[in-house]
Amino acid sequence: MSAWRQEGTYVTIESIISTYGYLAILIGVFVEGELVVMTAGFLAHREILELHWVIGAALFGSLCTYQIFFLLGRTQGTRFVSRRPHLQARLARIQRLLERHDTWVTLGYRALFGFRAMTPFALGMTDVSHRRFFALDLLPAVVWAVTFSYLGYALGEGFDVVLADIH
(Lines give C-alpha, C1' and ligand atoms only; values in the text may rest on other atoms or scores of the structure.)
Protein backbone atom coordinates (compact mmCIF):
# COMPACT_ATOMS: atom_id res chain seq x y z
CA MET A 1 0.00 0.00 0.00
CA SER A 2 1.47 3.32 -1.07
CA ALA A 3 1.06 6.16 1.38
CA TRP A 4 2.54 9.47 2.34
CA ARG A 5 2.04 11.66 5.36
CA GLN A 6 0.09 14.88 4.99
CA GLU A 7 -0.74 17.08 7.99
CA GLY A 8 -0.92 14.32 10.57
CA THR A 9 -2.75 11.76 8.43
CA TYR A 10 -1.72 9.26 5.83
CA VAL A 11 -2.91 9.68 2.29
CA THR A 12 -3.05 6.43 0.35
CA ILE A 13 -3.41 5.70 -3.32
CA GLU A 14 -6.62 3.88 -2.43
CA SER A 15 -8.05 6.97 -0.69
CA ILE A 16 -7.19 9.14 -3.69
CA ILE A 17 -8.85 6.66 -6.06
CA SER A 18 -11.94 6.35 -3.86
CA THR A 19 -12.18 10.15 -3.65
CA TYR A 20 -11.48 11.06 -7.29
CA GLY A 21 -12.05 7.75 -9.09
CA TYR A 22 -15.52 8.53 -10.40
CA LEU A 23 -14.35 11.87 -11.79
CA ALA A 24 -11.42 10.03 -13.37
CA ILE A 25 -13.90 7.63 -15.02
CA LEU A 26 -15.90 10.54 -16.45
CA ILE A 27 -12.77 12.08 -17.93
CA GLY A 28 -11.11 8.80 -18.84
CA VAL A 29 -14.08 7.54 -20.85
CA PHE A 30 -13.49 10.44 -23.23
CA VAL A 31 -9.88 9.32 -23.80
CA GLU A 32 -9.90 5.51 -23.56
CA GLY A 33 -13.28 4.20 -22.58
CA GLU A 34 -13.10 0.42 -22.31
CA LEU A 35 -9.76 0.32 -20.50
CA VAL A 36 -10.82 2.95 -17.98
CA VAL A 37 -14.18 1.31 -17.29
CA MET A 38 -12.72 -2.19 -16.98
CA THR A 39 -10.05 -0.88 -14.60
CA ALA A 40 -12.75 0.83 -12.55
CA GLY A 41 -14.76 -2.42 -12.50
CA PHE A 42 -11.64 -4.22 -11.27
CA LEU A 43 -11.25 -1.58 -8.53
CA ALA A 44 -14.91 -2.11 -7.61
CA HIS A 45 -14.17 -5.79 -7.10
CA ARG A 46 -11.28 -4.76 -4.85
CA GLU A 47 -13.83 -2.61 -2.93
CA ILE A 48 -12.01 0.63 -3.66
CA LEU A 49 -14.91 1.89 -5.80
CA GLU A 50 -18.59 0.91 -5.82
CA LEU A 51 -19.77 -0.96 -8.91
CA HIS A 52 -23.08 0.88 -9.30
CA TRP A 53 -21.26 4.24 -9.23
CA VAL A 54 -18.69 2.93 -11.72
CA ILE A 55 -21.52 2.01 -14.08
CA GLY A 56 -23.17 5.39 -13.54
CA ALA A 57 -19.98 7.35 -14.15
CA ALA A 58 -19.18 5.27 -17.23
CA LEU A 59 -22.69 5.77 -18.60
CA PHE A 60 -22.70 9.51 -17.98
CA GLY A 61 -19.17 9.97 -19.35
CA SER A 62 -19.95 7.93 -22.43
CA LEU A 63 -23.19 9.77 -23.15
CA CYS A 64 -21.48 13.13 -22.71
CA THR A 65 -18.60 12.13 -24.96
CA TYR A 66 -20.76 11.11 -27.90
CA GLN A 67 -23.21 13.96 -27.43
CA ILE A 68 -20.23 16.33 -27.71
CA PHE A 69 -19.11 14.58 -30.91
CA PHE A 70 -22.66 14.83 -32.29
CA LEU A 71 -22.89 18.54 -31.47
CA LEU A 72 -19.43 19.19 -32.92
CA GLY A 73 -20.58 17.54 -36.14
CA ARG A 74 -23.74 19.63 -36.11
CA THR A 75 -21.97 22.95 -35.51
CA GLN A 76 -18.48 22.49 -36.97
CA GLY A 77 -18.70 19.42 -39.21
CA THR A 78 -18.79 20.95 -42.65
CA ARG A 79 -15.95 23.37 -41.91
CA PHE A 80 -13.85 20.69 -40.20
CA VAL A 81 -14.17 18.17 -43.03
CA SER A 82 -13.58 20.74 -45.77
CA ARG A 83 -10.16 21.45 -44.21
CA ARG A 84 -9.24 17.73 -44.01
CA PRO A 85 -9.73 15.99 -47.35
CA HIS A 86 -8.34 12.70 -46.00
CA LEU A 87 -11.42 12.41 -43.75
CA GLN A 88 -13.90 12.91 -46.56
CA ALA A 89 -13.74 9.27 -47.75
CA ARG A 90 -14.37 7.87 -44.24
CA LEU A 91 -17.17 10.32 -43.65
CA ALA A 92 -18.75 9.56 -47.03
CA ARG A 93 -18.76 5.83 -46.17
CA ILE A 94 -20.46 6.51 -42.84
CA GLN A 95 -23.01 8.85 -44.40
CA ARG A 96 -23.93 6.22 -47.03
CA LEU A 97 -24.62 3.77 -44.21
CA LEU A 98 -26.63 6.40 -42.38
CA GLU A 99 -28.78 7.13 -45.39
CA ARG A 100 -29.86 3.48 -45.58
CA HIS A 101 -29.75 2.37 -41.93
CA ASP A 102 -29.64 5.41 -39.66
CA THR A 103 -31.47 3.75 -36.74
CA TRP A 104 -29.34 0.59 -36.78
CA VAL A 105 -26.10 2.53 -37.22
CA THR A 106 -26.98 4.75 -34.29
CA LEU A 107 -27.80 1.73 -32.15
CA GLY A 108 -24.63 -0.15 -33.14
CA TYR A 109 -21.87 2.38 -33.81
CA ARG A 110 -20.23 1.75 -30.43
CA ALA A 111 -19.11 -1.63 -31.79
CA LEU A 112 -17.60 -0.07 -34.94
CA PHE A 113 -14.00 0.32 -33.84
CA GLY A 114 -12.27 2.92 -35.95
CA PHE A 115 -15.58 4.66 -36.69
CA ARG A 116 -16.86 5.15 -33.16
CA ALA A 117 -15.97 8.83 -32.72
CA MET A 118 -16.59 9.68 -36.36
CA THR A 119 -20.12 8.21 -36.45
CA PRO A 120 -21.78 10.63 -33.99
CA PHE A 121 -19.84 13.44 -35.66
CA ALA A 122 -21.25 12.33 -39.04
CA LEU A 123 -24.74 11.94 -37.55
CA GLY A 124 -24.48 15.53 -36.38
CA MET A 125 -23.92 16.54 -40.00
CA THR A 126 -27.16 14.82 -41.12
CA ASP A 127 -30.77 15.76 -40.50
CA VAL A 128 -31.03 13.34 -37.54
CA SER A 129 -32.33 15.41 -34.63
CA HIS A 130 -30.34 15.69 -31.45
CA ARG A 131 -33.30 14.34 -29.48
CA ARG A 132 -33.48 11.25 -31.75
CA PHE A 133 -29.74 10.68 -31.51
CA PHE A 134 -29.83 10.91 -27.71
CA ALA A 135 -32.83 8.56 -27.45
CA LEU A 136 -31.23 5.98 -29.76
CA ASP A 137 -27.83 6.33 -28.06
CA LEU A 138 -29.14 5.75 -24.54
CA LEU A 139 -29.69 1.97 -24.74
CA PRO A 140 -26.28 1.14 -26.29
CA ALA A 141 -24.63 3.43 -23.75
CA VAL A 142 -26.25 1.53 -20.88
CA VAL A 143 -25.26 -1.82 -22.40
CA TRP A 144 -21.70 -0.59 -22.95
CA ALA A 145 -21.30 0.80 -19.41
CA VAL A 146 -22.74 -2.31 -17.73
CA THR A 147 -20.79 -4.74 -19.94
CA PHE A 148 -17.35 -3.22 -19.48
CA SER A 149 -17.88 -2.48 -15.77
CA TYR A 150 -18.82 -6.11 -15.15
CA LEU A 151 -15.96 -7.36 -17.34
CA GLY A 152 -13.54 -5.49 -15.11
CA TYR A 153 -15.30 -6.83 -12.03
CA ALA A 154 -15.06 -10.38 -13.42
CA LEU A 155 -11.36 -9.85 -14.11
CA GLY A 156 -10.99 -9.01 -10.43
CA GLU A 157 -12.68 -12.27 -9.50
CA GLY A 158 -10.45 -14.18 -11.92
CA PHE A 159 -7.41 -12.45 -10.48
CA ASP A 160 -8.43 -13.59 -6.99
CA VAL A 161 -8.76 -17.20 -8.22
CA VAL A 162 -5.29 -17.07 -9.79
CA LEU A 163 -3.78 -15.63 -6.60
CA ALA A 164 -5.47 -18.32 -4.51
CA ASP A 165 -3.99 -21.00 -6.81
CA ILE A 166 -0.54 -19.44 -6.49
CA HIS A 167 -0.73 -19.59 -2.70
Side-chain angles (χ1 to χ4, degrees), residues 17-81 84 87-160:
I17 292 171
S18 66
T19 302
Y20 299 106
Y22 305 110
L23 178 61
I25 295 167
L26 285 171
I27 295 167
V29 163
F30 186 80
V31 178
E32 180 50 56
E34 287 84 3
L35 181 62
V36 168
V37 176
M38 286 177 64
T39 301
F42 179 86
L43 292 171
H45 179 267
R46 307 303 278 169
E47 298 181 355
I48 297 171
L49 297 173
E50 293 185 39
L51 186 60
H52 66 279
W53 288 112
V54 168
I55 293 168
L59 173 61
F60 186 71
S62 177
L63 281 172
C64 288
T65 297
Y66 294 116
Q67 297 306 307
I68 289 169
F69 287 145
F70 179 88
L71 291 172
L72 283 172
R74 176 70 33 103
T75 60
Q76 304 296 317
T78 304
R79 188 170 67 183
F80 180 83
V81 173
R84 292 161 184 85
L87 293 177
Q88 290 175 0
R90 289 178 86 184
L91 183 61
R93 222 177 329 167
I94 292 170
Q95 286 180 320
R96 280 193 302 275
L97 273 174
L98 291 176
E99 289 170 4
R100 288 181 298 212
H101 311 287
D102 66 335
T103 299
W104 292 111
V105 170
T106 304
L107 289 171
Y109 77 90
R110 288 172 184 270
L112 298 174
F113 293 99
F115 292 100
R116 201 171 4 183
M118 193 68 146
T119 302
F121 186 85
L123 279 163
M125 294 175 65
T126 67
D127 59 359
V128 173
S129 73
H130 188 216
R131 182 181 303 201
R132 177 175 169 79
F133 174 72
F134 182 81
L136 290 172
D137 194 38
L138 188 57
L139 176 62
V142 169
V143 170
W144 180 86
V146 169
T147 299
F148 285 99
S149 296
Y150 273 103
L151 276 173
Y153 195 89
L155 285 174
E157 288 181 0
F159 188 71
D160 287 346

TODO: Looking only at non-hydrogen atoms, find the nearest pair between Thr78 and Met125 and report the distance.
DONE: N-CE, 3.8 Å
Enumerate donor-acceptor pairs with a distance under 3.5 Å from any side-chain N or O in residues 142-149 to protein atoms, sequence neighbours excluded.
residue	atom	partner	partner atom	Å
Trp144	NE1	Glu34	OE2	3.1
Thr147	OG1	Val143	O	2.7
Ser149	OG	Ala145	O	2.7

TODO: Search all heavy atoms of Asp137 against all heavy atoms of Thr106 and return the closest pair with its distance.
DONE: N-CG2, 4.4 Å
TODO: Name all residues meeting the ring pair (Phe, Tyr, Trp, His ring centres under 6.0 Å) criterion together with Tyr109; count only those two or more places apart in sequence or in a different chain, and write none if there are none.
DONE: Tyr66
Task: Gap separating the CZ atom of Phe70 from the OG1 atom of Thr119, nearest 0.5 angstrom - done: 12.5 Å
Kindly list each side-chain donor-acceptor pair under 3.5 angstrom involving residues 50-62, sequence neighbours excluded, with atom names and distances?
residue	atom	partner	partner atom	Å
Ser62	OG	Arg110	NH1	2.4
Ser62	OG	Arg110	NH2	3.2

- [ ] Tell me, yes or no, whether the heavy-atom count around Glu47 atom CD, taken from other residues, nucleotides or ligands under 6.0 Å, exceeds 12.
- [x] no
Task: With Phe80 via ring pair (Phe, Tyr, Trp, His ring centres under 6.0 Å) - residues at least two apart - done: Phe121
- [ ] Give a yes or no on this: more than 12 heavy atoms of other residues, nucleotides or ligands lie within 6.0 Å of atom CZ of Arg131.
- [x] no
Task: Within-4.5 Å side-chain heavy-atom neighbours: Leu123 and Leu98 - done: yes
Task: Test item: Arg74 side-chain N/O and Thr126 main-chain N/O as donor-acceptor pair under 3.5 Å - done: yes
- [ ] Applying side-chain contact (heavy atoms from CB on, under 4.5 Å), name anything that partners Thr103, two or more places apart in sequence or on another chain.
- [x] Leu107, Arg132, Leu136
Open item on the list: For the CZ atom of Arg46 and the OH atom of Tyr153, what is their distance to the nearest 0.5 Å?
Closed with: 11.0 Å
- [ ] Could I get the full list of ring pair (Phe, Tyr, Trp, His ring centres under 6.0 Å) partners for Phe30, not counting sequence neighbours?
- [x] Phe69
